[in-house]
Amino acid sequence: MDGTRISWVNTTHDWAGTVDADHLGRIRRGPAEFAPGGPEHLVLEIVAYAADEAVSRGGGRCVVTLHPDGSVSVEDDGRGTDTRVDEHGHVVKKPVMATKDLRFFDLPETERLPDGHPRRGMSVVAALSEWLTHTNRRLNGSWTQRYEHGIPVTGLQPLRADGTTGTRIRFLPDEALRTHWSLTDDDVVRWSEHWPHLTTRLDDQRRGASRPGP
């Protein structure tokens with residue numbers, strides 16, 4: 001799957017792009033449109049990708065953690081975000097954070113998430129977060145990268161392999177959105193009904209307790 005970028009087929013994102021500032025700006029100007037209901041919708045945008053992986057693999061797991069500092073992390077056991085090597089030997093990851101998801105963003109009718117609102121893609125989460133870290137583990141390498149308001153502020157930083165695959169997204173929603181936080185165990189039960197191939201667990205570290213999902 002490696003080689004020249006122009007030969008890579010665009011399925012979910014445009015491999016030729018890295019950062020679409022206009023796209024991110026549009027999201028930031030319309031938080032009520034792109035994060036209706038607040039941070040829960042941002043979490044669902046991420047969990048939807050874990051659900052995609054679970055369907056393709058016949059099952060999967062996901063942990064949503066609420067951290068004491070107000071940030072949220074979503075970790076799954078999928079294959080990890082697609083990462084390739086271009087004709088110059090540079091490692092390139094699919095630009096899921098800073099460019100639009102071609103399947104959803106501009107389409108009037110698209111997949112609905114468990115909150116009833118349309119799915120728009122991971123870039124919504126990145127654009128509406130003060131910061132976000134994307135940690136990725138694949139069979140061909142592992143790395144982490146940090147974003148601020150959707151803009152990458154580091155390159156791909158290599159990580160030592162630990163024998164696992166999957167992604168971990170940790171983000172701090174914009175302050176205006178954090179006041180609307182209301183995620184509960186009942187929400188996770190509803191998600192499992194929507195995505196039966198994915199087993200999700202909520203770990204609320206703010207209250208010092210971890211509760212399993214169904």
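Any value given below was found using the heavy atoms of this structure, including those in side chains, with hydrogens, waters and symmetry copies removed. We're numbering straight along the sequence, starting at 1.
- Under 3.5 Å, the side chains of D69 and S71 contain a donor-acceptor pair of N or O atoms.
- Results of the side chain to side chain donor-acceptor pair (under 3.5 Å) test with T167 over D76, T81, N136 single out D76 as the only residue that passes.
- Residues R120 and F34 come closest through the heavy atom pair CG-CD2, 4.3 Å.
- A salt bridge links E53 with R79: the distance from a Lys NZ or Arg NE/NH1/NH2 to an Asp or Glu carboxylate oxygen falls below 4.0 Å.
- Judged by distance alone, with hydrogens and angles left aside, the side-chain atoms of R28 form no donor-acceptor pair with the main-chain N or O of H23 at under 3.5 Å.
- Donor-acceptor pairing under 3.5 Å is lacking for the side chains of H149 and S129.
- Remark: T65 pairs with no residue by the side-chain hydrogen bond (donor to acceptor under 3.5 Å, both in side chains) rule, at least two apart or across chains.
- No donor-acceptor distance shorter than 3.5 angstrom exists from the side chain of H41 to the backbone of L113, with no hydrogens or angles considered.
- Side chain of E45 to backbone of G121: a donor-acceptor contact under 3.5 angstrom is found.
- Salt-bridge annotation for R178 and E130: present, with a side-chain N of the basic residue lying under 4.0 Å from a carboxylate O of the acidic one.
- Ionic pairing of R137 and D162 is present here: one or more N-O contacts between side-chain nitrogen and carboxylate oxygen are shorter than 4.0 angstrom.
- Among residue pairs with one or both ends in residues 30-43, those qualifying as salt bridge (Lys or Arg N to Asp or Glu O under 4.0 Å) are E40-R190; sequence neighbours excluded.
- Cation-pi check for R119 over Y49 is met; the charged atom lies under 6.0 angstrom from the ring centroid and within 45 degrees of its normal.
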